[in-house]
Each structure stands twice: as C-alpha cells, then as structure tokens.
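Letters A, B, ... mirror the listed sequences (proteins, then strands); counts begin at 1. Note that the coordinates shown come from a computational prediction; the quantities given were computed from them, not determined experimentally. Heavy atoms only: backbone and side chains are in, while hydrogens, waters and symmetry mates are out.
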Amino acid sequence: MREFATFEEKLSAWTAESMKSVFGLDESEIHLGVSPTNNEQFGDYQCNAAMALSKALKKAPRQIAQEFVEGAVLPDFIDRVEIAGPGFINFFLSNSAVAGYIQSLENDAKLGAEPVGEGKTVVIDYSSPNVAKPMHIGHIRSTVIGNSIDRLYRFLGYNVIADNHLGDWGTQFGLMLVGYRAFVNEAALAEAPVEELERIYVASYNKSKEDETWREKAKTELVKLQQGNEENRALWKKFIELSIEEFDTIYNRLGVKFDLYRGESFYNDRLPKIIEQLEAKELAKESDGALIVDLEEDGMPVCIVRKSDGGYNYATTDLATVESRIEEFSPERIIYVTDERQQLHFKQFFKISEKLGLEANLVHVWFGLMRLPEATFSTREGNVIKLAALLDEAEARALELVKSSSPDMPEAQQKDLAKAIGIGAIKYTDLSQNPQSLVTFTWEKALNMEGEGNSAPYLQYAYARISSVSDKYKAQFPDSDLNRYPLVIEHELERRLAIKLARFPAAVSGAADNYRPNILADYLYDLAQIYSSFYSNVPFLKADEGVRESRIRLCRSIAAVLKQGLDLLGIETRDRI
RNA sequence: GCCCUGAUAGCUCAGUUGGAUAGAGCAACGGACUUCUAAUCCGUAGGUCUCAGGUUCGAAUCCUGAUCAGGGCGCCA
C-alpha cells in the first residue's frame with residue numbers, strides 16, 4: 001500500500017480481506033469496504049457488508065457481524081469496533097494513529113492524495129468563447145468549473161492540456177468582413193476592440209436582414225476567406241488576435257491559464273479526410289443534398305456532417321479535433337465543459353467517433369444554463385451582462401468591505417485583498433453547488449461576500465486567522481521548534497479536525513472523478529466550520545507548553561489543506577483579511 | 001410527439017452513488033467581543049424530501065407512471 005494511504009483505503013482493504021478469509025468468500029459482488037459515517041456516535045467508518053451478505057451466507061446480519069468481529073484481528077489504527085442496529089460494523093480510529101497520520105502528512109506535498117494520474121495525459125476543453133464577441137456571464141461557469149477540473153487533474157499528477165477551443169470559424173465572419181469595411185470606428189477599436197467588433201457584427205447582421213445584396217456580399221467574402229484570400233485572411237487574423245488579447249485580460253484576472261488556444265479553424269485541413277473516412281466506413285449517406293450519419297439504431301436523431309452547400313459544420317470539426325488530439329497527445333481522456341444544451345450533440349459525436357475507431361475516453365461535463373430572472377439573455381437582445389463588468393463590480397464591492405473592516409491597512413494591500421475576495425466570491429458561487437443545476441443570475445447571489453455562512457470570504461477568513469496565529473506564535477516563541485513537540489489529540493474538536501483533515505484526499509478524488517468541484521468546496525466549508533468552532537472554543541496560544549505546540553501544529557496542517565483546497569478551486573488566500 | 005435534466009425547511013442550496021434520527025447558509029428569535037482577527041462563535045425554531053405505486057433487511061437516492069419547470073430534436077456551435 002502506498003506511503004500516505006488514507007485510513008479509508010487501509011481499512012477497506014482490511015475489511016474486504018478479512019471478510020473473505022473469515023467467511024471463505026472468493027470474489028464478491030458485494031462491497032466489503034468501509035465508508036465514512038455521517039454521525040460521530042457511530043464511529044469514524046462503517047462497514048455495511050453484513051446486511052448484504054445475509055442472503056448468501058444464510059445467516060442473520062448481526063450474527064455475521066458478530067462472527068466477523070470475533071474472527072478477525074483488528075489493525076492497530078483501530079481503537080475499537082461496535083456492532084449496531086441491524087448489523088452495522090462501526091470502527092473507531094485510535095487518536096494516536098490519527099495524530100500520527102496528520103503528522104506524517106507534513107512531509108507530503110499532496111497532503112495524502114494519491115497521484116493516480118502520473119504518466120497519463122488528459123485534454124480539457126473549456127471556456128471556448130466566440131471570437132469578436134465579449135465574454136459575458138454565460139461564460140463564467142465553463143471557465144470557472146473547467147479551470148477547477150484542470151487544477152484538480154494536475155494536482156492528481158495528470159499531464160493536463162488545457163485547450164481553449166475558440167469559435168473562430170463560421171458564417172458570421174462573412175458578416176464581420178463586410179461589416180468591418182463599412183462601419184469600423186478605428187478610435188473605438190483601439191479603445192475597446194471586442195466591443196467594437198461586436199457592434200460591427202450586430203450592425204452588419206441587422207443590415208443583412210433587410211438587404212439581400214448585403215447578404216450576398218457577406219457570402220462572397222466568406223467564400224474568399226475560406227479559399228485563402230490574403231486580405232480577408234489578414235483581417236480575420238486581426239479579429240482573432242484582438243479577441244484573444246482581451247480574453248487574456250479576463251483570464252488573468254480569473255487566474256486561468258491555457259496551454260493552447262486552438263480555434264476551430266486549426267482543424268480545417270482535416271475535414272475532408274474525416275468525411276472520406278465516414279464514407280469509407282459507410283457511416284455517412286446523402287439526404288436532401290446534405291451528408292448525414294444515421295444514428296437511429298443508437299436511439300438518436302441523424303447528425304449532419306456536411307451541409308447541402310458543401311460546408312462542414314461543428315460535428316465534423318469536433319471529430320477532426322478528436323483525431324488531431326489523439327495523434328498529437330495520446331490522451332487517456334478528453335473532457336469537454338459546456339452548457340447543457342449541447343448534450344445531444346456530444347452524445348452523437350462521441351458515438352460517431354467510436355464508430356470511426358477513434359480511441360479515447362470522451363467525457364462531456366455539462367452544467368446548467370445561466371439565466372436572468374426576467375428571461376434568457378442573448379447577444380442580439382442586448383441584455384447580456386459582460387463578464388468584465390461583473391468582475392469590476394465584485395472587486396469594487398469587496399474593496400468597500402475591506403475598507404470598512406480593515407481601515408488601517410495600506411491602500412495597495414486593501415486593493416490586492418479586494419481582488420482575492422471579489423474574484424473568489426464569484427468563483428465560489430459557481431463552484432459550491434452542483435454544476436448541473438439551473439442558475440438564475442442575480443447580482444446579490446453572484447456577489448455574496450459578506451462572509452456570512454457558506455462563502456469564499458468565510459474560508460479566506462478562516463485561513464487568515466490561522467496565519468495570524470502562526471505569526472503570533474513565532475513572535476512570542478522565536479526559538480521554539482514545533483517539530484520537537486508531538487501532535488497529540490486531546491480535545492473533541494481536535495479529533496474532529498484531524499479526522500476531517502485525513503479525508504482531504506477523498507474530497508479531492510471525489511471532485512475529480514465526478515467532475516464536481518462542489519464536493520471539494522463542501523469539504524472545505526466543513527473543515528473551516530470545525531476550525532472556526534475550535535478557534536473560538538479552544539485556546540492555543542494560551543495553552544500550556546506542549547499542548548500549545550501540538551495545537552499550533554494542527555493549525556499548520558489545516559492551513560495547508562485550506563490553502564491547497566482553495567487553490568484547487570482557483571480561489572486565492574491572503575495571510576491577512 | 002420523442003429524448004435529456006431537475007423538483008429537498010419561508011428563500012438559496014448540500015446530501016459521500018442504497019444505510020442508522022434528511023443537513024448547511026440566509027431570513028426569524030435568544031446569547032457571547034477588556035481575550036489567539038466578532039467577515040466569528042453558542043443556542044432555539046423551522047420537513048408528508050412534488051404526487052402515486054413498486055423493488056428489499058433498509059429508498060430523498062433505484063424502477064414505473066403522473067404533475068410542474070428548464071433544455072434539446074437536419075443544414076447555428
């Protein structure tokens with residue numbers, strides 16, 4: 001078993017092994033391991049196998065539990081075991097074993113998490129805004145959730161390739177090209193490039209609705225672009241560069257980094273070959289002039305891979321993208337983070353790529369759509385809330401709070417702190433709930449940063465309090481060496497904290513395996529809650545020597561887990577708040 | 001019409017993939033700052049887990065049906 005294996009891992013391995021030997025089982029469909037209890041009175045871990053084995057062994061569950069407990073030799077980290085209710089086997093960890101484990105984690109950069117991803121590559125495709133349109137609040141979930149998954153997989157040792165699959169190709173560029181030439185305001189373009197590009201697009205789109213020759217012109221320019229016309233290509237590249245530059249300022253504010261910015265256009269050259277393969281394998285056929293893949297036997301509607309005008313569409317591009325990623329990176333898995341509307345599309349193209357023989361584990365992580373209380377928003381309706389405006393507002397509100405609660409702090413520090421709090425609050429709102437729920441955007445919710453209850457500032461506050469205590473300890477006892485004092489569990493809250501700390505790896509793997517950062521967010525909130533209770537009910541700096549050091553040491557581990565955990569959510573911590 | 005989701009406290013949401021008495025926060029009420037940061041803590045109250053069946057030792061969780069809500073279903077991504 002690995003060096004920093006958790007109690008759950010060790011105990012599960014032990015119960016499974018012991019069950020088999022005590023009852024002479026070979027393989028079992030039944031889960032023989034343990035799971036954490038949800039109530040301390042039932043111990044720390046419980047094994048429920050006795051009930052499930054009842055039928056196979058033809059014995060009463062309590063009797064099975066009894067025989068098991070009598071027949072097996074308890075591992076040394078278990079203090080005692082109890083049989084309860086219909087046949088639950090409850091395990092109580094020994095305090096010294098828990099203390100020893102927490103102490104050993106001080107030497108583990110992963111804080112007990114298993115680097116299961118070592119040697120494996122995973123591509124994560126997220127954020128993916130469209131060129132020439134400003135990012136709005138609809139982009140926040142893909143960006144924030146995708147980035148947290150990115151961070152989680154990196155932490156677990158995966159070689160992560162974060163790819164921003166920009167919408168940089170498509171019919172809208174015909175309108176953009178003619179629109180730009182007719183309407184561009186150079187001053188506005190220099191000032192706020194993407195906003196001006198969007199204005200151009202909307203103007204051109206509106207004109208196209210009533211002016212047929214305008215539509216024709218747009219189409220001609222689009223064809224020229226696709227055929228490689230130099231002027232159009234240069235302009236198109238300019239749209240992309242201006243857009244990326246502006247996206248990057250937002251990503252910097254959010255602490256998001258991509259390894260690649262490969263738009264759809266990157267895969268253009270592969271599209272005809274994808275079609276060839278589909279035809280060669282007789283997966284595609286003509287229908288009303290378009291080329292389609294019939295997925296009826298898979299219970300899905302048909303999927304268009306080439307339009308009747310000869311153009312390709314997104315399914316084809318996505319297939320080419322998978323093929324390219326496999327060739328270049330040999331990923332163990334490719335993860336897409338998009339909103340719920342694309343579920344069918346992903347199911348279809350996953351199925352087609354399987355039929356094409358593209359070997360990769362494709363995962364669609366979808367999240368509920370963001371809505372406004374009044375209605376859905378759209379660029380054309382003009383009721384979008386721009387992401388930059390949301391971030392500005394969050395930082396401004398945070399700064400007000402910081403100024404009122406820390407008036408003596410230097411201004412530069414107040415501003416820095418306000419950024420960490422404002423951005424953290426926005427991210428936490430999205431990361432602390434199940435991604436698959438529909439979200440109605442309200443300023444009040446998005447900017448929840450009063451620090452009351454389950455919120456980012458609450459966690460940041462808990463962290464800052466620990467930092468403050470550590471610093472005071474160093475100031476008061478400059479010559480003390482913490483490592484010379486053992487970590488001892490005495491108080492009930494110390495025990496709860498230590499047990500909670502030992503469950504960090506489970507929270508991380510739960511969040512990563514299920515693509516749900518909220519599992520980690522929940523965990524961190526629980527930890528911070530227990531710590532806050534500990535802080536106000538148990539003295540540490542004022543405790544006797546020995547107890548004091550042990551508690552400071554425990555605090556240090558809590559700080560490490562809080563900092564690392566928040567970092568995995570993309571939320572920053574500060575030593576003072 | 002078909003498919004995918006969701007429905008849990010007045011409000012916003014968790015619920016470790018079938019376990020024991022369903023949990024937090026907000027709002028409400030009562031208490032704690034001469035103290036290691038009160039952006040905190042301690043306590044009270046609040047529930048027919050949408051409804052009806054089923055599966056089994058055991059269901060908020062799985063199955064079937066219904067109601068309501070969101071999304072999708074051939075040339076947008």
Is it true that, when you exclude Glu264(A) itself, more than 12 heavy atoms of the residues, nucleotides or ligands shown sit nearer than 6.0 Å to its CD? yes

Can you check the Gln342(A) CD to C73(B) P distance for me, whole Å? 10 Å

Between Tyr126(A), Tyr515(A), Tyr336(A), Phe346(A), which is the residue that forms a ring-ring contact (aromatic ring centres under 6.0 Å, His included) with His364(A)? Phe346(A)

Using a heavy-atom cut-off of 4.0 Å across all strands, would you classify Pro301(A) as base, sugar-phosphate, or nothing? sugar-phosphate

Inter-nucleotide P distance (U34(B), C29(B)), Å rounded: 24 Å

Take Lys59(A) and Glu67(A) through the salt bridge (charged side-chain N to carboxylate O under 4.0 Å, His left out) test and state the conclusion after the steps. CA-CA 10 Å; Lys59(A) 286 179 186 170; Glu67(A) 286 176 22; 2.9 Å; yes

In whole angstrom, what separates Met370(A)'s CE from G71(B)'s C1'? 16 Å

Side chain of Tyr461(A) (C-beta onward), nearest among C41(B), A77(B), A38(B): A38(B)

Spacing of Leu541(A) atom CG relative to U35(B) atom P, expressed in whole Å: 15 Å

Judged by each residue's nearest nucleotide on RNA chain B, which is more toward the 5′ side, Asp575(A) or Thr171(A)? Asp575(A)

For a quick check, with a 4.0 angstrom heavy-atom cut-off, what is the B/S/- contact string for nucleotides 20-34 of chain B, read 5' to 3'? BB--SSS--------

U35(B), OP1 or OP2 - any side-chain N/O from Lys542(A) closer than 4.0 Å? no

Any chance the side chains of Asp168(A) and Ser265(A) put a donor and an acceptor closer than 3.5 Å? yes

So Arg516(A), base contact, sugar-phosphate only, or nothing? Heavy-atom distance under 4.0 Å. sugar-phosphate

Quick check on Gln476(A): does its CD atom have over 12 non-hydrogen neighbours (other residues, nucleotides or ligands) under 6.0 Å away? yes

Salt-bridge criterion met for Glu572(A) and Lys419(A) (N-O under 4.0 Å): no

How is Arg503(A) classified with respect to the nucleic acid when contacts are heavy atoms under 4.0 Å: base, sugar-phosphate, or nothing? nothing

Is Val538(A) touching bases, backbone alone, or none of the nucleic acid, heavy atoms closer than 4.0 Å? base

Salt bridge check: are Asp416(A) and Arg574(A) linked by an N-O gap of less than 4.0 Å? yes

Are the side chain of Ser148(A) and the backbone of Ile145(A) linked by a donor-acceptor contact shorter than 3.5 Å? no

Per Pro457(A) side chain, nearest of listed nucleotides A39(B), U40(B), C75(B): A39(B)

Across the strands shown, which category fits Asp318(A) at heavy-atom distances under 4.0 angstrom: base, sugar-phosphate, nothing? nothing

Whole Å only: how far is the NE2 atom of His139(A) from the P atom of A77(B)? 15 Å

Identify the nucleotide, in any strand shown, that forms a Watson-Crick or G-U wobble pair with C62(B), with both distances under 3.5 Å; if there is none, say none. G54(B)

Among C36(B), A14(B), C75(B), the one nearest any side-chain atom of Lys472(A) is C36(B)

What is the nucleic acid contact for Ala464(A), judged by heavy atoms within less than 4.0 Å: base, sugar-phosphate only, or nothing? base

Any N or O donor-acceptor pair under 3.5 Å from the base of A77(B) to the side chain of Tyr314(A)? yes

Tell me whether the side-chain N or O atoms of Ser54(A) pair up with the base of C57(B) as donor and acceptor below 3.5 Å, since no angle test is needed here. no

Please examine the side chains of Arg576(A) and Gln413(A), heavy atoms only from C-beta on, and report whether any two atoms are closer than 4.5 Å. yes

When rounded to whole Å, the CG to C1' distance for the pair Leu369(A) and G6(B) reads 14 Å

With rounding to whole Å, what would you report as the distance between U21(B) and A59(B) at their P atoms? 10 Å

RNA chain B: Gly167(A) or Val469(A), which has the more 5' nearest nucleotide? Val469(A)

Side-chain contact, heavy-atom cut-off 4.5 Å: Leu291(A) with Ile304(A)? no

Work out how far the P atom of C63(B) is from that of A24(B), and round it to whole angstrom. 29 Å

Taking C42(B) as the reference, what is the distance to G25(B) when you measure between their P atoms (whole Å, please)? 9 Å

Say we look at A9(B) and C49(B): how far apart would their C1' atoms be, to the nearest angstrom? 10 Å

Inter-nucleotide P distance (G18(B), U5(B)), Å rounded: 16 Å

Using a cut-off of 4.0 Å on non-hydrogen atoms, how would the nucleic acid contact of Ile421(A) be classed: base, sugar-phosphate, or nothing? base

Which base, if any, makes a Watson-Crick or G-U wobble pair with A28(B), both distances under 3.5 Å? U44(B)

Quick one: Lys474(A) NZ to C36(B) P, roughly how many Å, whole number? 19 Å

In terms of heavy-atom contacts, does NZ of Lys500(A) have more than 12 from other residues, nucleotides or ligands at under 6.0 Å? yes

Determine the interatomic distance between C1' on A14(B) and the same-named atom on A60(B); round to the nearest Å. 12 Å

Across the strands shown, which category fits Asn514(A) at heavy-atom distances under 4.0 angstrom: base, sugar-phosphate, nothing? base

Going by ring centres under 5.5 Å and near-parallel planes (under 30°), is Phe540(A) stacked on C36(B)? yes

Does C36(B) have OP1 or OP2 sitting under 4.0 Å from an N or O in the side chain of Arg548(A)? no

With a 4.0 Å cutoff (strictly under), does any side-chain N or O of Tyr458(A) reach OP1 or OP2 of C41(B)? yes

OP1 or OP2 of U37(B) versus the side-chain N and O atoms of Ser468(A): is any pair under 4.0 Å? yes

Do NZ/NE/NH1/NH2 and the carboxylate oxygens of Arg556(A) and Glu549(A) come within less than 4.0 Å? no

C42(B) phosphate, OP1 or OP2, under 4.0 Å from Ser533(A) side-chain N/O: yes

Syn or anti for U67(B)? Use the chi torsion, O4'-C1'-N9-C4 for purines and O4'-C1'-N1-C2 for pyrimidines, with syn inside 90° of 0. anti

If you look at every strand shown and take non-hydrogen atoms under 4.0 Å, does Ser532(A) touch a base, only sugar-phosphate, or nothing? sugar-phosphate

Of the candidate nucleotides U56(B), A39(B), G72(B), which contains the atom at the shortest distance from the side chain of Arg341(A)? G72(B)

Could you measure between the two C1' atoms, the one in C13(B) and the one in A22(B), and give it in whole Å? 14 Å

Hey, are Arg141(A) and Asp430(A) close enough for a salt bridge, meaning a charged N less than 4.0 Å from a carboxylate O? yes

Any Lys/Arg nitrogen of Asp298(A) or Lys347(A) sitting under 4.0 Å from an Asp/Glu carboxylate oxygen of the other? no

Using both distances under 3.5 Å as the test, list the Watson-Crick or G-U wobble partner of C36(B), or none. none

Tell me which nucleotide, if any, is Watson-Crick or G-U wobble paired with A69(B) when both distances must be under 3.5 Å. U5(B)

What integer distance in Å separates Asp44(A):CG from U16(B):C1'? 15 Å

Length of the CG-C1' vector between Leu401(A) and A38(B), whole Å: 15 Å

Do any N or O atoms of the protein come closer than 3.5 Å to N or O atoms of nucleotides 2-4 of chain B, and which pairs are they?
| from | atom 1 | to | atom 2 | distance (Å) |
| --- | --- | --- | --- | --- |
| C4(B) | O2' | Gln343(A) | OE1 | 2.8 |

